[in-house]
Amino acid sequence: MLRHVLNLCFLSLTFVFTSCDSDGQTGSITLQFIHQADGKTLDLNTSSFTNDAGNVYKVSLLEYIVSNLALVGSDGKSVDLAEYHYVQLGNTGTLSLTVKDIKPDHFQGFKMVMGIPKTQNTTGNLPNKQVYNNMEWPVAMGGGYHYMRFEGSYANAGSSSTFAVHTGPNSGTDYAIPLSLPMHLHLTAGANPTVKLTMNVNEWLKNPTRYDFRDYPGNIMGNPTAQEILKNNGKDVFSVQGN
Amino acid sequence: MGKTSSRFKAIRPRLWVIYFFWAPLWVGCDHQNQPSQAPTPLNLTLPPKFPELPPSPENPLTIQGVTLGRALFYDKSLSRDETISCASCHIPDFGFSDPNALSRGVGGLTGERQSMPLINLGWIDMLFWDGRAASLEEQALFPITSHFEMGNTFPEIISRLNASLEYPRLFRAAFSSPDITQTRILQALAQFQRTLVSGNSKYDQWLQGKTTLTSEEEHGYTLFFTEKGDCFHCHGTLLMTDNRFHNNGLDDVPADSGRYRITKDPADIGLFRSPTLRNIALTAPYMHDGRFNTLQEVINHYDHGLVRSPTLDPLFFNGRPKGLSEVEKKALIAFLNTLSDPEFTQNPTFRPN
């Protein structure tokens, strides 16, 4: 008898919760991906930027995957937003992500992984579409997907060259960067606030280790030293702003 | 690709042969005054693990549409002087490419660029070396009307097709009415070209565990898919192309500005779309201007012949020589040869009726 009563209660509560959702008792958030170099808006092939090593550079490609995106609720528990998201500078459709049906809360943080953790980073794990397939990290190099491709040209002391910063799971080693960022976001029912995620690309190239394009012009996928530097530098590449 | 189940879902080459042999007879019995039947949807069976074919809702694949497109593809009456068909520059034996560096059009004129192979085009949304066409339906307009390719006009083509005995019937079968229009001609050609799918090479069979590669081929595979050869960034994935544009170090001041002609963005000077490497052994000569006659020449270029310029792709390490040994170059060529797909090049349904 007690079981029947509990079942009835559960069904009733389910109905109430469902009704709340359909009555607009939830909100949405839009993640906006912003890119800059020490405060200067990043663009493709036009503006020049300077890093700590004195490389004056232009960017021709910036694309990356972030994964396990979540908000941290007022109770400290995670509210999952998306398993992964692909971002490409210049590709407007990838620069924002709207997630619906989120219960109102006063969120206190944002979490994500820059790249894809090893347990999830296997070839074929992302949708079979060209945009993801182009990010594949070859099986011959351990498989999975690039975390980031950051490319361009630079000049330094009168000479010019190109750079290609490719991060990923070199030989299966996990260089993905778990990030937990404090943020205040008050979400009310029916609202759709924007959470701004800003990548300062110059942070990839300093703190704690200066990354000079002259030392690492390219072919770093199989270079554990470069991957380790970038993993450590990448911990403060992102900042987040709620409302 | 639609998910509906139909008896044509798993259409096999042999069935195609039967169909194409009998199709003209069936169509021949279809009198002008008879009510038209809707064309039969065609669901292509894709090679294992290929990406889903992007849908073309405005021009869905049908058996009759593909039949018509195939007839048009091989028909020289599409050109001004009736000497050139699409297949004149896209020859099946050469991976639907042209062994001439620059293709020859009407009146003995030559084109500006090498004929691109027509392989797995359904996945490409920026066609030609410079990406000027956003769809296959848009693509065919260019060679048909270009004065140094087919040099024709659509009113002339439509007039010719209307005067034929077969085409009004083929159009009726494909589009439920005998009206011959520019749009329908382009749609039918696009449908046929979407069926030109290659995905059963020795490499594919190896990936599926059905065969083995020689040690030399496997060495080439490893070079291809690691930074030593670094071919995979532009020619990775199962499509063997990233479908993006790159300056691959051919010239310091390119005579052909490539993608720049379309975008007018200086960053696009000398950039061309990466072609698929499927059936690459058959599609010589290579590059947008056909300057390299052999795969050996191509590999030598990437090994030590890259020319620096302001838009040289960063993937080329600023033109630094790769330092491949002769053994490694030979291994790369051995691997590239595994990308040939006889089932594709010999497919009778891709050839003239």
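These numbers come from the heavy atoms of this one structure, side chains and all, not from hydrogens, waters or symmetry mates. Every chain is numbered from 1, with letters handed out A, B, ... down the list of sequences.
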Is chain A contacted by the side chain of B:Phe232, its backbone, both, or neither, given a heavy-atom distance below 4.5 Å?
side chain

Atom group of B:Leu312 that falls short of 4.5 Å from chain A, counting heavy atoms:
backbone

Suppose we screen for side-chain hydrogen bond (donor to acceptor under 3.5 Å, both in side chains). Which residues come up paired with A:Asp52, at least two apart in sequence or across chains?
none

Pairing residues for A:Ser78 by the side-chain hydrogen bond (donor to acceptor under 3.5 Å, both in side chains) criterion, not counting sequence neighbours:
A:Lys111

Engaged part of A:Ile220 at the chain B interface, taking heavy atoms whose separation is under 4.5 Å:
backbone

Within 6.0 angstrom of A:Lys118 NZ, more than 12 heavy atoms from elsewhere
no

A:Tyr175: partners by ring pair (Phe, Tyr, Trp, His ring centres under 6.0 Å), with sequence neighbours left out:
none

Nearest atoms (heavy-atom pairs only) where B:Phe317 meets A:Pro217:
CE2-CG, 3.2 Å

Using only distance (under 3.5 Å, no hydrogens or angles), which donor-acceptor pairs connect chain B and chain A?
| from | atom 1 | to | atom 2 | distance (Å) |
| --- | --- | --- | --- | --- |
| A:Glu63 | OE1 | B:Arg244 | NH2 | 2.9 |
| A:Glu63 | OE2 | B:Arg244 | NH1 | 3.0 |
| A:Asn128 | ND2 | B:Lys49 | O | 3.0 |
| A:Asn128 | ND2 | B:Phe50 | O | 3.1 |
| A:Gln130 | OE1 | B:Asn243 | ND2 | 2.9 |
| A:Gln130 | NE2 | B:Thr241 | O | 2.9 |
| A:Asn134 | ND2 | B:Asp242 | O | 3.1 |
| A:His146 | NE2 | B:His233 | NE2 | 3.3 |
| A:Ser160 | O | B:Arg308 | NH2 | 2.7 |
| A:Ser161 | OG | B:Asn318 | ND2 | 3.0 |
| A:Thr162 | OG1 | B:Asn318 | N | 3.2 |
| A:His166 | ND1 | B:His233 | NE2 | 3.0 |
| A:Ile220 | N | B:Glu227 | OE2 | 3.1 |
| A:Met221 | N | B:Glu227 | OE1 | 3.4 |
| A:Met221 | N | B:Glu227 | OE2 | 2.9 |
| A:Gly222 | N | B:Glu227 | OE1 | 2.9 |

Between A:Gly152, A:Pro138, A:Gly124, A:Pro127, who has the most heavy-atom pairs with chain B when the cutoff is under 4.5 Å?
A:Pro138

